[in-house]
Amino acid sequence: MSDPNGKHDELIHPAARPFLWLDAPWLKSSMIWIFLVATLGLVAVDFVHHRHEYVELAEFYGFYAMWGFGAFVLAVMIGWWVIRGLLGRPEDYWDGDNTDEEGQS
Amino acid sequence: MIEALYDVSPAWPVIIAGLLAAAFPMHYVRKGLALIAPVLAVFLWFNAPSGDHLGGIIELGGFTLETFRFDGLSRIWGLIFIIAAFINALYGLHEKDRIADASGLIYAGAGLGAVFAGDLLSLFFFWELTAISSVFLIWGARNQAAYKAGLRYLAIHVLSGVLLLTGAVIRASETGSWAFDESLSIETLGGFLIFIAFGIKCAFPFLHNWLQDAYPKATITGAVVLSAFTTKLAVYALARGYAGTEQLIWIGAVMTAFPVFFAVVENDLRKVLSYSLNNQLGFMVVGIGVGTELAINGAAAHAFVHIIYKALLFMSMGAVLLRVGTVKASELGGLFKSMPATTIFCLIGAASISAFPLFSGFVAKALTLAAVAQEGHWMVWLVLVFASAGVLEHSGIKIPYFAFFSHDRGHRVREAPVNMLMAMGIAALICIYVGINYGVLYELVPFPEAALYYQPYTFDHIVGQMQLLLGAMFAFAFLVRMKWYPDEKRGVNLDTDWIYRRFLANTLTWGHAMFGRFWASISNLVSGVKSRTGGKLFEVFSPIGALSRDIPSGLLAIWTSALLAIVLLIAYLSP
């Protein structure tokens, strides 16, 4: 089943072949710029159109973009440092075997 | 309309089909029952009279059981439970497991029965039936870990049922009422116990970990089935009994936030979805706590769309588990090359749960957020917006990215079976249809008049939501580029289950050992006392004891005289 070297391309599903560019290194490296430009473009809208919100704070320019960015970074950092750092344990912690988290049909 | 069927709850055909499935060894008959039962149920749902209706009344042992209450709240929950039952049946069509077929149907029917229950006794019956029938979906995995998790799941859910019954009895003794309605209150002991019973099933903070413990260990189909009914039944029960209870606002807010941190570093993608489920329940609980018509509409709409997109995400991970044999993020990647259709369905589920415009989550979550903001709970609102970015992190990005894209691990597997693809396709279609034609959903909610005034597709809302999502997506790309995004590695993270799986278990083991030693000490002491006392008695009374020895007659005579003197003295002085 496994093909770590990716040599057996004939096993790729025909419907997926037109989308192999999704795995291209250039796309992965340019994702940050695509999202940055899109985010800045949406923030720019705030400067030409005043959003009306129930919460006054949310009417600040680019509020949602900043909150989304900050929330994401905060969630990742707390998850990484606090949850994994303090509460992370080896996979066999519970029952002495590695089947604890595996479901089967 | 068939008036004769006004008393028949849509739960009964599903439960009866489950009982029949338990008896039939031919799997195609069972599958036929699983597909037909929801069709019969939806017929009964459509057949129910318009307006509030109370039917299916059963007199039993002096109690009046109301098995078919059909009103604005039970209407939407009933329909989505029926839809979920059908999709689940389709998804599990390839499995040949009689116990799973029967328990899945009985569980779905019990969920429906609870939704349509009009009194607390009927609710209790169906409440316990959901617990007992659903545990077989966990045990169906047939491994030691699933067996143990199933036992823990059953114990916690039976406890929930016991609390529900205790609370109902106390309330009935105080008020004489078994009504399951808005008259429930946490101010009374009975009402408080019922609230905790609902809270356990709803996975309140600190009562939540049965969910993340059991669901990832269930069978492939079992996890999909489980994700639909139990927790949403609890949300329904809270909406029915405790709408407007302010404590729910912050309970819900905490529920939306804390699972995000656990989901970020969780390696098991079905467990990530379980944390995500907990987070989504938080939105509904907040809506119920706010309690306005718009907020209750938000909770109901959210439950409706959530059941579908969460099932879709669980279905896609189930397909991955079936084909690859694991859902560990550390072992997955690049699966879009092998499973393109599953990838697309998963992306639709991810877009829906993340509330992208044109997907179902967008039109449902907006109601709750608007209601929270309108009522001036701006801190809670900020927490919910934070949690919305968190949803994007774990369900919108992590699930599809690490399973289908990221590093290509070289898995070249077959696409999911046709029945699985059909089930995922229907769910995906509903996600998009409801997202675009949101009026259908807004007409189904408990207060359609309030919902129809709400416009989700305003320019401001779309811009704000897209800012939030793209800002969060930029954060993801930024963290990955800077190598500040945690790598996926095998391991487990402790949660509140540590308290009972490790601390309490070790305490009990220690207590048992200590009791054994204590008992041994007591036994030693008793036997020591016994032997010493016995020895002394033996020394005194035995044939060679002190009393058997020859005693000088003079001494005996002195003692006899003294005793006689005492007796005479007493006789003389007594009146």
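Throughout, a chain's letter reflects where its sequence line sits, starting with A, and its residues are numbered from 1. Atom set for the values below is all heavy atoms of this structure, side chains included, hydrogens, waters and symmetry mates excluded. These figures come from a predicted structure and were not determined experimentally.
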Non-hydrogen side-chain atoms of E10(A) and R412(B) separated by less than 4.5 Å: no
Contact class of A387(B) relative to chain A, heavy atoms under 4.5 angstrom: neither
With chain B as the partner, which of V45(A), D23(A), L22(A) has the greatest number of non-hydrogen pairs under 4.5 Å? D23(A)
Does L494(B) reach the side chain of R89(A), with side-chain heavy atoms less than 4.5 Å apart? yes
Report yes if the side chains of F478(B) and F69(A) come closer than 4.5 Å at any heavy-atom pair, otherwise no. yes
Return the minimal non-hydrogen interatomic distance between F386(B) and A75(A), and the atom names on each side. CZ-CB, 4.3 Å
Side-chain contact, heavy-atom cut-off 4.5 Å: V76(A) with P486(B)? yes
Is there a side-chain contact (heavy atoms from CB on, under 4.5 Å) between R481(B) and W33(A) once you walk through the steps? CA-CA 11 Å; R481(B) 170 65 71 90; W33(A) 304 113; 4.0 Å; yes
Taking all non-hydrogen atoms of both residues into account, name the closest pair between I32(A) and A477(B) and its distance. CA-CB, 3.6 Å
Counting heavy-atom pairs under 4.5 Å with chain A, the top scorer among V463(B), V372(B), L392(B), L468(B) is L468(B)
If you draw the axis of the six-membered ring of Y93(A), does the NZ or CZ of R501(B) fall within 45° of it and under 6.0 Å from the ring centre? no
How about L369(B) and Y54(A): do any of their side-chain heavy atoms sit closer than 4.5 Å? no
For I397(B), is it the side chain, the backbone, both or neither that has a heavy atom under 4.5 Å from a heavy atom of chain A? side chain
Flag yes if more than 12 heavy atoms outside F19(A) fall under 6.0 Å of its CZ atom; otherwise flag no. no
Any side-chain heavy-atom pair of L87(A) and F262(B) under 4.5 Å: yes
Minimum heavy-atom separation for G68(A) to A389(B), with atom names? O-CB, 4.1 Å
Does the side chain of H13(A) come within less than 4.5 Å of K337(B)'s, by heavy atoms? no
Toward chain A, the part of F459(B) with a non-hydrogen atom under 4.5 Å: side chain
Please classify the contact between M66(A) and chain B as side chain, backbone, both or neither, with a heavy-atom cut-off of under 4.5 Å. neither
Please step through side-chain contact (heavy atoms from CB on, under 4.5 Å) for the pair V55(A) and L382(B), ending with a clear verdict. CA-CA 9 Å; V55(A) 177; L382(B) 284 174; 5.7 Å; no
If we define contacts as heavy-atom pairs under 4.5 Å, which of M339(B), Q374(B), R502(B) has the most with chain A? R502(B)
Side chains of N267(B) and E91(A) only: does a donor on one sit below 3.5 Å from an acceptor on the other? no
Does a salt bridge link R490(B) with D92(A), judged by any charged N lying under 4.0 Å from a carboxylate O? no
Between I34(A) and chain B, which part of the residue has a heavy atom less than 4.5 Å away: side chain, backbone, both or neither? neither
Checking H461(B) against H52(A) for the side-chain contact (heavy atoms from CB on, under 4.5 Å) test, could you report, in this order, the C-alpha distance in whole Å, the side-chain angles of both residues, the deciding distance, and whether it holds? CA-CA 9 Å; H461(B) 186 205; H52(A) 296 279; over 6 Å; no
So L42(A) and L470(B), side-chain contact (heavy atoms from CB on, under 4.5 Å) or not? Walk me through it. CA-CA 9 Å; L42(A) 281 162; L470(B) 281 165; 3.1 Å; yes
Against chain A, label S388(B) side chain, backbone, both or neither, depending on which of its atoms sit under 4.5 Å from a heavy atom there. neither
Angle between ring planes, Y64(A) versus W381(B), binned at 30° and 60°: parallel, tilted or perpendicular? perpendicular
For V73(A) and A475(B), work out which heavy atoms get closest and say how close. CG2-CB, 4.1 Å
Chain A contacts, top residue of V260(B), V385(B), V480(B), T458(B) (heavy-atom pairs, under 4.5 Å): V385(B)
Contact class of K148(B) relative to chain A, heavy atoms under 4.5 angstrom: side chain
Option that, when pairs with chain B are counted at under 4.5 Å, heavy atom only, ranks first among A16(A), A58(A), P90(A), A65(A): A65(A)
Mind checking the CD1-CZ spacing from I78(A) to F261(B)? Nearest 0.5 Å is all I need. 4.0 Å
Compare all side-chain heavy atoms of W94(A) with those of W498(B) and state whether any distance is below 4.5 angstrom. yes
Spacing of CZ belonging to F72(A) relative to CZ belonging to F474(B), to within rounding of 0.5 Å: 12.0 Å
Distance only, no hydrogens: is a donor on one side chain within 3.5 Å (strictly under) of an acceptor on the other, for H49(A) and D460(B)? yes
For M77(A) and W484(B), work out which heavy atoms get closest and say how close. CE-O, 3.6 Å
Here the gap from F476(B) atom CZ to M31(A) atom CE, rounded to the nearest 0.5 Å, amounts to 5.5 Å
Part of V265(B) within contact of chain A (heavy atom distance under 4.5 Å): both
From CG (L40(A)) to CD (Q467(B)), nearest 0.5 Å: 10.0 Å
